[in-house]
There are 2 protein chains.
Amino acid sequence: MQDLSQTEENYLKAIFKISEGTPTPASTNAISAEVSTSAASVTDMVIRLSKKELVDYKKRKGVRLTSKGLQIATHLIRKHRLWEVFLVEKLSFSWDEVHDIAEQLEHIKSPDLVERLDTYLGHPRFDPHGDPIPDADGKFAFRKQVLLAELTRGEQGIVVGVQDHSTAFLQYLDQLQLILGAQIELLERFVYDESVKIMLNNSREMILSKKVCQNLFIQKQPSLK
Amino acid sequence: MQDLSQTEENYLKAIFKISEGTPTPASTNAISAEVSTSAASVTDMVIRLSKKELVDYKKRKGVRLTSKGLQIATHLIRKHRLWEVFLVEKLSFSWDEVHDIAEQLEHIKSPDLVERLDTYLGHPRFDPHGDPIPDADGKFAFRKQVLLAELTRGEQGIVVGVQDHSTAFLQYLDQLQLILGAQIELLERFVYDESVKIMLNNSREMILSKKVCQNLFIQKQPSLK
DNA sequence: ATTTATTTTTAGATTAGCCTAAATTTGTTA
DNA sequence: TAACAAATTTAGGCTAATCTAAAAATAAAT
């Protein structure tokens, strides 16, 4: 497995991100947006990647990762998320500060480093944003989670992740004390603006906007009543 | 302070390394050897660096770091050595495995990361090879040390560093249990091949070659007799 | 002091990764 | 289905970092 440039690695990650979930190939335009380069450059790079058999590419049909490309992309995500855990747990960064640094650290090449880091961190299965960390074989842990928007009145759960990873959202959640692991009960749903009233950690009521509800992942708990 | 490419950073480090100690500027050839690129490429790069005011360059007179260049080089060394400490202390790598990884890690750009790492590691002043870690202001700790070759019969000291950083040497020292902190007394010096007999940790005698003596740094201790 | 060897620079090319502008293909809508 | 819009590719060019080969300058040696 030849050594890839950081740029190539970033394209693979972008393609992974775009086609995650869907079976449709990633379009040139989508990649262009994801990596912030012109569509022309993307076409260029995609041809190079397909020569290296990292993606399947057919003119004007979009690209799909090959198993080789998928493996590399998954490994990058593993490294990225493990480094995020390190930054938060060991160096006490907050969850909104770590993305850009991990974006650099994920490109470090060393056969041993990742595995040692993983061991050092105690084999964490989720990163500081609640995203699953693939294991050394590329398998993602699965967790049954729903958006807060999907909870019905009276249901309870704990905050396990975010859909929107923006700094603004993460910092806002911090202020609301809606951190990972927080306990939530949905008290009321307002039809008017689709906001909700929740009970946080059995101690405090608060109102959350529709937007927050659509970006917060909850793991349901059996209601105790 | 503009962001430099990894390549540019590597040149600055090479120039620093070459001119460390001496007041003579670094020659094109020396840099060429240090960064493993052709002399022609070095001339090219050196001109670019001088345009950025990171080095002083006069045709055929060699280069010298400007204060700006020196500051960057020193900071790189700080990062490199702190990461080495991390790799050895936290991830249990051995001292001969960490150089290449640290070589990559030193290029990570983040205003906070280094300082947090430094704090996390407890502000170490020396790296796993005994090399001093410059502080945030670029000051190197000084330690009065001599080569084992300079010790005279009966003198005692502890191993504090190495001159030769090669994997082969480091692994050899490991086998001999000549690790950092080991206590040494020079028992005898053999004129024939300039080898020596030492007492290691007050418990074991051994013979060391001239070559070992010339590459091992010792901090002298007052002899207790 | 000439010749020879070494070091350094110049000249000309190459590759990766990017760009803009123009051409082409595909999709949508009247 | 013809016309327009959107997406994609092609063409031509740029910069950073490298190379080799040749020229020029400096240093060493006869």
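The structure presented is a predicted model; accordingly, all values stated were derived computationally and were not measured. For the numbers below, each heavy atom of this structure counts, side chains included, while hydrogens, waters and symmetry mates do not.
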(request) In sequence, state the C-alpha distance, the side-chain angles, and the governing distance for A/T28 and A/V46, and then conclude on side chain to side chain contact (heavy atoms under 4.5 Å, CB included). (result) CA-CA 9 Å; A/T28 301; A/V46 149; over 6 Å; no
(message) Quick check on C/dT6: is either OP1 or OP2 less than 4.0 Å from any side-chain nitrogen or oxygen of B/N29?
(response) no
(request) Would you mind checking if A/R78 and A/D118 are paired as a salt bridge, meaning a charged N to carboxylate O distance below 4.0 Å? (result) yes
(message) OP1 or OP2 of C/dT9 versus the side-chain N and O atoms of B/T28: is any pair under 4.0 Å?
(response) yes
(request) May I ask you to check whether B/F86 and A/F86 place their ring centres under 6.0 Å from each other? (result) yes
(message) Check for me whether B/K90 meets the cation-pi criterion with B/Y120, that is, NZ or CZ under 6.0 Å from the six-membered ring centre and within 45 degrees of the ring axis.
(response) yes
(message) salt bridge (charged side-chain N to carboxylate O under 4.0 Å, His left out), that's the test. Do B/R48 and B/E8 meet it? Break it down for me.
(response) CA-CA 9 Å; B/R48 277 202 295 276; B/E8 291 171 313; 5.3 Å; no
(request) Starting at the 5' end of nucleotides 12-27 of chain C, put B wherever the base has a protein heavy atom under 4.0 Å, S where only the sugar-phosphate does, and a dash everywhere else. (result) -----SBBB---BS--
(message) Can you tell me which residue among B/K13, B/K79, B/R81 is in a side chain to side chain donor-acceptor pair (under 3.5 Å) with B/E106?
(response) B/K13
(message) Could you tell me if A/H80 and A/D127 have a donor-acceptor pair between their side chains, going purely by distance under 3.5 Å?
(response) no
(message) I'd like to know if the side chain of A/S19 pairs up with that of A/T22 as donor and acceptor (distance under 3.5 Å, no hydrogens or angles considered).
(response) no
(message) For a 4.0 angstrom threshold against heavy atoms of chain B, report the outermost contacting nucleotides of DNA chain D in 5' to 3' order.
(response) D/dA17 to D/dA25
